Amino acid sequence: MSAGTSSTVGEQPAGQPCYADAASYSPARIVAHTKIADNTWRLRLDCPAIASTAIPGQFAMVRIPHRSDPLLARPLAVYDTFADASGEAGEAPLRRYADFIYAVHGRFTTALREVPVGHELIAWGPLGNGFQIPAVEHLVLVAGGIGQTALLGLGRERLGQAAYGPASRLQPPRSGRVTCCWGARHAGLFGGIEDYRSAGIDVHQATLDGSAGLRGTVVDLLDSLFDQPGAVPPAAHTRRLHIACCGPDPMMAAVARWAAARQISCDVSLEAPMACGIGICFTCVARVRDDSGSWDYRRTCIEGPVFDATRIEW
Amino acid sequence: MPPPESVVPSPAMATPQPASPAIPLTVSLGRLRLPNPIMVASGTFGYGREMSGFVDLARLGGVVPKTITPLPRPGNTPWRTVETAAGLLNSIGLDNDGIDSFLARQLPFLVRCGAPVIVSIAGGSQADFVALASRLDGVPGIAALELNISCPNVSHGIDMGTDPVACRGVVEGVRSVTALPILAKLTPNVTSIVEIARAAKDGGADAVTLINTCQGMAVDWRRRRPLLGNVIGGLSGPAIKPIALRCVHQVRQAVDIPIVGVGGIMTIDDCMEFFVTGASAVQIGTANFAEPIASARLLDGLPAALAELGATGMADVIGTLAVPQRAPCPPATPPSGSSPHAT
């Protein structure tokens, strides 16, 4: 299959593996590598096969070549894609640069931070199913920690600001709203928040220490935005709202419970550790329920990373 | 997406390089003849379907899909892998959907791909192994069986891989129900791998696969917790290559049985080290995770490496290690006044 014909990526029936048949494996030169928040870096790679086809919620495996320590690649969500290295978006098929955002917290990211512009990494992707485009009036992106990296494209796409992936995914701009509820430990961790704001996304912050936005969690933020007297009554949420969520497991579990209690549809993009990203190692499993309600470990790399939150046994 | 059974070429697929016609790459593992000695290891290549966008499976010397068991197994609690220094610690726990699902959903694709399929089986008892082998005997498209009597992440497997009597019993039992060639995959977590390899040979194995992972552990000291959900796992990757080479060497010197070398192979130099030490073929494992096209790349590099040794075939390389005779320790002699080291 050629990369341009993967028209059903992001529209996989639940439980159907999304094999990496359309993935590209190639060197990817670093064209920009900058610190954007505390402990948080933005990496721009020259990787046309990934940038021209990736849809929001998909990821790439990125490896530092010629090293046995760190040995393996890491999964990084495709944050945004561009036709020009300076950041001009351009038409989707012409895009050749992809941005990735990562937080430094382990042996790989510590080493990656030191690789300068001009050097080559190895990248394979795009991988995973990605988000479907929700048909509701009001899309709510809920991010925890570094989880915003999987969500920006979906918001931009929904507002008609950008198009990603194959032509079949192109959507006419629609009226509607995109709200982002973003929780982090403190105010220094909101890397890329200006991208959300400049896209016209209504951003609300929560911090555990109260240094930015609401003091508390994203669930507290959801409560304050949607459950206050005078806000949209809960019964109307079901039809109008859709949540797309990415962050640490406990946070996603809490958001999933919040959504389920209000009968709001919710997709989660799981952040499971991965060794291969393509379905061969069985590392990244999550407990996913089938129609009968019983769960089995499923590979988040090729059956996700995006799942209907009601399918996850947290 | 295409239907799962279709073989799809992909832009990501490594460009096939015709092997040098001057150097045939075929090797034999007992009665099993392979088109070349570059195989892929069980548990590191999925069921083949996952990799068909990266590697033309038909080129490989052999594909060993993920181990199957009689019944579905959910596998172990995450975390299931942890990267360590130049290595990967895993405790997947033989997560698989069982033999029925394998035969119905996975094997047909593999067979159509054209590479020799060596089916890896495991069970909790000798009877399980025999039952699996009996089911697989006569199934079209299966070239051989690999007995996973060495998985460190399920309690019984490693017992059969550490006790020579149990090892011989399993191999004999399987031998009695199938004419398929048998590879016995052994664990390095034993005092004498030679003893276990000899038992496998005596039981009727055509070859031994050396080695499965080395038992290991990783700890988060700040949280005072093990990192793996199963606490202990198996170490693979470059970190264990010297252990694997040592095992291949010891068995090669002591037991007359073909060897498949596996453990930390990342480069063509690694492959050649195993061949020279005594492996007739190699399996690429953890490298598939780090570089999905690794097996194809190593196959591309093989003719040039053979030519560098002036080889006209794999037989000119396999087991040609020049082992120095280790001189016995000289008897103790009385101190001599002429020695500069005399005291």
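The chains referred to below are lettered A, B, ... by the order of the sequence lines, with proteins before strands, and numbering in each begins at 1. For clarity, every value in this text was computed on a predicted model and none was experimentally measured.
Between A:Ala23 and B:Phe54, the closest heavy-atom pair is CB-CZ, 4.0 Å.
Residue B:Ser42 does not touch chain A at all, counting heavy-atom pairs closer than 4.5 Å. Only the backbone of B:Thr44 comes within contact range of chain A, with at least one heavy atom under 4.5 Å from a heavy atom of that chain. Neither the backbone nor the side chain of B:Asn96 comes within less than 4.5 Å of any heavy atom in chain A. Contact annotation for B:Thr84: only backbone heavy atoms (N, CA, C, O) come within less than 4.5 Å of a heavy atom of chain A.
Within the model, atoms CD1 of A:Ile278 and CZ of B:Phe289 stand 9.0 Å from one another, a figure rounded to the nearest 0.5 Å.
Using a distance-only test at 3.5 Å, with no hydrogens or angles considered, a donor-acceptor pair links the side chain of B:Arg80 to the main chain of A:Phe282.
Between A:Trp124 and B:Glu291 the shortest side-chain heavy-atom distance does not fall below 4.5 Å. In this structure the side chain of B:Met266 never reaches within 4.5 angstrom of the side chain of A:Ser68, judged on heavy atoms.
Salt bridge absent: A:Asp296 and B:Arg73 never bring a charged side-chain N and a carboxylate O closer than 4.0 Å.
In the displayed structure, A:Arg113 atom CZ is contacted under 6.0 Å by more than 12 heavy atoms of other residues, nucleotides or ligands.
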Residue pair B:Asn90, A:Thr283: steps toward the side-chain contact (heavy atoms from CB on, under 4.5 Å) verdict: CA-CA 8 Å; B:Asn90 90 78; A:Thr283 292; over 6 Å; no

